[in-house]
There are 2 protein chains.
Amino acid sequence: MPFEDIRALIREMPGPDAAAAAAARDRDAQLTKPPGALGRLENIAEWMAAWQGRHPPKVNRPVTAVFAGNHGVVAQGVAAFPQDVTKQMVANFQSGGAAVNQICKTFDIGLKVFELALEMPTRDITIAAALDEVECAATIAYGMEAITGGCDLLCLGEMGIGNTTIAAAIAHALYGGKAADWAGPGTGLDAKGVANKAAVVERAIAFHKAHLDDPLEVLRRVGGRELAAMAGAILAARLERVPVLIDGYVATAAAAVLHAMDSTALDHCIAAHRSAEPAHGALLERLALDPLLDLGMRLGEGSGAALAAAVIKAAVNTHAGMATFAEAGVSGKA
Amino acid sequence: MPFEDIRALIREMPGPDAAAAAAARDRDAQLTKPPGALGRLENIAEWMAAWQGRHPPKVNRPVTAVFAGNHGVVAQGVAAFPQDVTKQMVANFQSGGAAVNQICKTFDIGLKVFELALEMPTRDITIAAALDEVECAATIAYGMEAITGGCDLLCLGEMGIGNTTIAAAIAHALYGGKAADWAGPGTGLDAKGVANKAAVVERAIAFHKAHLDDPLEVLRRVGGRELAAMAGAILAARLERVPVLIDGYVATAAAAVLHAMDSTALDHCIAAHRSAEPAHGALLERLALDPLLDLGMRLGEGSGAALAAAVIKAAVNTHAGMATFAEAGVSGKA
């Protein structure tokens, strides 16, 4: 029962470090600014302390992990780009030419690319389960590699032609509604393409409907390798006290699987941004995640997460580096 | 007539460089991403090209300029902190202990601090004009120093106990409504303090009401030195093709003076963020500025502008550094 190992890890998840969080609040109150004036940066510093389990929190080794997978469901005509693009973009990441490379370089963020059996797409979810249990559990476990070698902030992204269809299927399986609520243009479908995508998602969910009560079964049946790997990465990060920035719609759908298993499973995660993919906002609401940025991005590949890491860096550096009222000789409130 | 020199400069403002903008659009269409997938980052790259007048646009020498001034209106009990804090915070900027220092350090942004006659506060706007015309024009001219020495992106901020009252007075003078629409808690007034602040703004505008048709008269009568200097910095940046990030409520009020003189005067500016100061959103709407970030910050001192500079850096680096479809051998749409 490979999924039992995953369930056991979920039960072992540590909570926030209350002492580190209290130390952050205490220091924040002494810094040379009106209380609350740094807004969300203050919350982030406390949250980083709580989830790194140390004060002050630090971002010295941020890493963006990009997981790439292919999907049998592209046979249903759900993608605007051909499947070869997944592999081509992996090569682009490796040679430094993609958007996420430039953003990581701008902010000194490491980049790891994980290629997940691209020559062997998952099965078409309209007629079969995407993965068997052994494959799915092994891919979750493989995703845990994202944090090996040491990192103190994980930016999580993906690449996979067809994977916004997979994200829509997961969201529809977990949250119901209509398939059309969760299907959007992805990389650039027109209205007819979006309608077809919604119909494909509807057929997939109808096919698997007797087996969707268990979130791991949802992931196995209508998910994909990069989504399973991202779920594993989020879980491993929790176990090793690494805060996580979740990128866009697909990464959030992967995170939703964990949230459906345990509603505290994403407490160490921040939604990096609100994607322009229309259903992302609704998905974030189900997860009670308030996105940090809202810049109309919808690229995936961890680009939004890497950009949001700049805000996290600013938050922890501000918290650690500012002078206190006493140190700077600044008067308090009149 | 010292203001005539300012009016002459406004008439000389260059427009966007259409060729550089077209080159940016052309390159953007070839980069390895679906069209539009980088959202606002794409618009920023084009906007930077247009206003720097070169392609590709670059951010190699970003500078944050912080202008500090003191205000006679604090005699009316409008500030939560004592006036000495302006000077103490300038010392804090100079010794590297303020929030803006840490943010600038995080993103390799230079920091210049301009101290504007702190020992000689402007006159109390409820009973006199803050500045005479010579003082006001000289301070606008002094603000133009912000961009000397060369910079390719200007982040504009301020420090000045009492200056959200000044910002409210300018907004009320330019846009009408009720004084209470424009007066907020600033660094931390309670409800009673905010009500007093609104009453002070109302008295100031009543006192000057016969002379508020000319935006430069608004700046002189109910403004302040750091606001005049910021207006000068924005104007100088336009003339020298340096794009500008406007920080919070006070910096936006300074910008509004230029906008009231010429509705194109802020086309080379981006609003860095929406401040938690309640009236900031309404002020941004009057200026048709869509803020880049919305993180509940309300510190001033250029902190939001410096943080937003990270997004601008990511935008220009992504635009310049990404591979094209042809270079990377990535297939186009199916």
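Throughout, a chain's letter reflects where its sequence line sits, starting with A, and its residues are numbered from 1.
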Name the region of [X], side chain, backbone, both or neither, that has any atom closer than 4.5 Å to a heavy atom of chain B.
X         : result
Val311(A) : both
Ser95(A)  : neither
Leu292(A) : both
Ala276(A) : neither
Phe325(A) : side chain
Leu293(A) : side chain

Donor + acceptor pair across side chains of Asn92(A), Thr32(B) (<3.5 Å): yes
Under a 4.5 Å heavy-atom cutoff, which of [options] has the most pairs with chain B?
options                                   : value
Leu307(A), Val330(A), Val85(A)            : Val330(A)
Gly39(A), Gly97(A), Ala37(A), Ala323(A)   : Ala37(A)
Ala320(A), Gly36(A), Ser331(A), Ala314(A) : Ser331(A)
Ser275(A), Ala310(A), Ala79(A)            : Ala310(A)

Approximate separation, where rounding is to 0.5 Å, of [X] [atom1] and [Y] [atom2]:
X         : Y         : atom1 : atom2 : result
Thr187(A) : Lys33(B)  : OG1   : NZ    : 12.5 Å
Lys105(A) : Lys313(B) : NZ    : NZ    : 13.0 Å
Thr106(A) : Ile312(B) : OG1   : CD1   : 12.0 Å
Gln102(B) : Leu41(A)  : CD    : CG    : 12.0 Å

Is the shortest heavy-atom distance from the side chain of Asn317(B) to the side chain of Ile103(A) under 4.5 Å? no
Mind checking whether Ile44(A) and Leu295(B) have side chains closer than 4.5 Å, heavy atoms only? no
Minimum heavy-atom separation for Pro35(A) and Arg298(B), please, with both atom names. O-NH2, 2.8 Å
Specify which of Leu299(B), Asp84(B), Asp290(B) makes the most heavy-atom pairs with chain A at under 4.5 Å. Leu299(B)
Sort Ala91(B) into side chain, backbone, both or neither according to what part of it lies under 4.5 angstrom from a heavy atom of chain A. neither
